[in-house]
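Here is the structure we will look at.
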Amino acid sequence: MPEGHTLHRVAASLSHHLGGRTVTSTSPQGRFAAGAARVDGRRLVSAEAWGKHVLVEFEDVAEHVHVHLGLFGGWKVTVPVMGTEAVPDVVGEVRWRLSGPGATADLRGPTACELLTPDEVASLLTRLGPDPLRDDSDPEQAWQRISASRSPLATLLMDQTVVAGVGNVYRAEVLFRHRLPPFLPGRELDRPTWDAVWADLVVLMQDGVQSGRIDTVRPDHTPEAMGRDPRVDPHGDEVYVYRRAGMPCLVCGAPVLTKVVAGRNLFWCPECQRADRLSP
DNA sequence: ACACTATGCTTAG
DNA sequence: TAAGCCTAGTGTG
């Protein structure tokens with residue numbers, strides 16, 4: 001379930017439960033054995049998220065552990081509770097296990113789990129656009145790219161060098177919430193609208209960090225509020241268009257459309273997000 | 001038992 | 001544009 005909010009949540013959890021603690025680092029599956037051994041027995045300094053990337057820093061180790069989940073990867077952080085095992089059994093393919101007195105974190109299925117030198121970390125970070133979840137981000141940098149681009153907004157929002165941390169759900173939802181046509185070229189977006197989109201991403205994604213899920217639907221737009229049956233619309237409580245192809249738009253009732261764009265499923269409402277409805 | 005899906009990204013052609 | 005990569009859950013026979 002990896003969009004930016006997931007990784008910020010994980011990074012905060014690791015920092016909170018294991019920060020400053022000496023940790024055991026292993027690779028039960030074996031594919032990160034050397035890297036895991038490099039930081040085993042060290043003190044965890046910090047875990048930080050940049051877009052969808054997580055960097056974990058250890059005392060007296062120059063390299064950072066870099067993790068990217070890809071499409072299928074996931075973290076599971078277990079906090080010991082009275083009456084449960086302090087360290088859970090390994091289940092499935094655990095690439096990396098970080099364990100300390102405060103928690104055990106298991107990483108499965110990542111695209112990247114590797115040691116990066118400081119130079120490599122720097123070059124990774126320069127490739128990333130501003131992240132709505134970081135307060136050191138400057139949305140102006142994204143605006144420079146968007147306002148100069150002929151690419152569709154839907155493509156630009158998924159481009160991690162433009163905005164870091166937005167994935168397929170947030171892209172579809174933020175476009176809908178601002179009634180923006182997904183294929184509108186970036187250069188045709190106006191500045192006030194971009195500012196509003198950015199501000200909305202900040203709110204939505206911060207909410208996602210808090211709740212651990214993506215909820216974008218205003219209370220007055222839920223299927224129940226609109227008099228529809230929530231049972232036939234399993235996603236309608238949470239999102240406007242993502243994975244709701246063929247279902248009625250929560251606002252206007254038109255069937256939600258879907259199309260594969262650059263290998264990813266895009267969802268939008270053809271009525272609410274019409275180019276000729278854009279305010280001048 | 002298989003088939004299929006998924007909130008991602010990189011590299012080759 | 002397509003292929004490859006990584007895993008688990010769900011659905012179908």
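Lettering follows sequence order; numbering is per chain, from 1. Everything numeric in this text was worked out from a predicted model, so none of it was measured.
For Tyr170(A), no side-chain nitrogen or oxygen approaches OP1 or OP2 of dT7(B) to under 4.0 Å. A close approach under 4.0 Å does not occur between any side-chain nitrogen or oxygen of Arg171(A) and OP1 or OP2 of dT7(B). Close to dA6(B), at under 4.0 Å from its OP1 or OP2, lies no side-chain N or O of Asn168(A). For the pair Gln29(A) and dT7(C), the criterion of a side-chain N or O lying under 4.0 Å from OP1 or OP2 is met.
Spacing between atom CZ of Phe267(A) and atom C1' of dA6(B) amounts to 11 Å, rounded to whole angstrom units. Here dC6(C) presents its P atom at 19 Å from CG of Asp106(A), a figure rounded to the nearest Å. Note: CG (Leu69(A)) to P (dT7(C)) measures 12 Å, nearest angstrom. Remark: P of dT7(B) and CD of Glu238(A) are 15 Å apart, rounded to the nearest angstrom.
At the heavy-atom level, Arg31(A) lies under 4.0 Å from the strands shown only through sugar-phosphate atoms.
Separating the C1' atom of dA8(C) from that of dT10(B) is a span of 23 Å, rounded to the nearest Å. Distance noted for atom P between dG13(C) and dT5(B): 14 Å (whole Å). Comparing dC4(B) with dA3(C), their P atoms are spaced 15 Å from each other, to the whole Å.
The ring pair (Phe, Tyr, Trp, His ring centres under 6.0 Å) test with Trp268(A) singles out one residue from Phe176(A), Tyr242(A), Tyr240(A), Phe183(A), and that residue is Phe183(A).
Between Asp40(A) and Arg38(A) there is no salt bridge, since none of the side-chain N atoms of the basic residue sits less than 4.0 Å from a carboxylate O of the acidic one. A salt bridge is absent between Lys52(A) and Glu3(A); no separation between the charged side-chain nitrogens and carboxylate oxygens falls under 4.0 Å. Contact check on Arg244(A) versus Glu238(A) returns no salt bridge, with no Lys/Arg side-chain nitrogen under 4.0 Å from an Asp/Glu carboxylate oxygen.
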Polar atom pairs between nucleotides 9-13 of chain B and protein, under 3.5 Å, N or O only, would you list them?
from   : atom 1 : to       : atom 2 : distance (Å)
dC9(B) : OP1    : His68(A) : NE2    : 3.4
dC9(B) : OP2    : Lys52(A) : NZ     : 3.2

Does the side chain to side chain contact (heavy atoms under 4.5 Å, CB included) test come out yes or no for Trp75(A) and Thr6(A), once each step is laid out? CA-CA 9 Å; Trp75(A) 285 93; Thr6(A) 306; over 6 Å; no

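A side-chain N or O of Glu140(A) and one of Gln144(A) form a donor-acceptor pair less than 3.5 Å apart.
The nucleotide whose nearest atom lies closest to any side-chain atom of Phe72(A) is, among dT7(B), dA8(C), dC6(C), dC6(C).
Between His66(A) and His53(A), the ring planes are parallel. Angles under 30° get that label, and only those over 60° would be called perpendicular.
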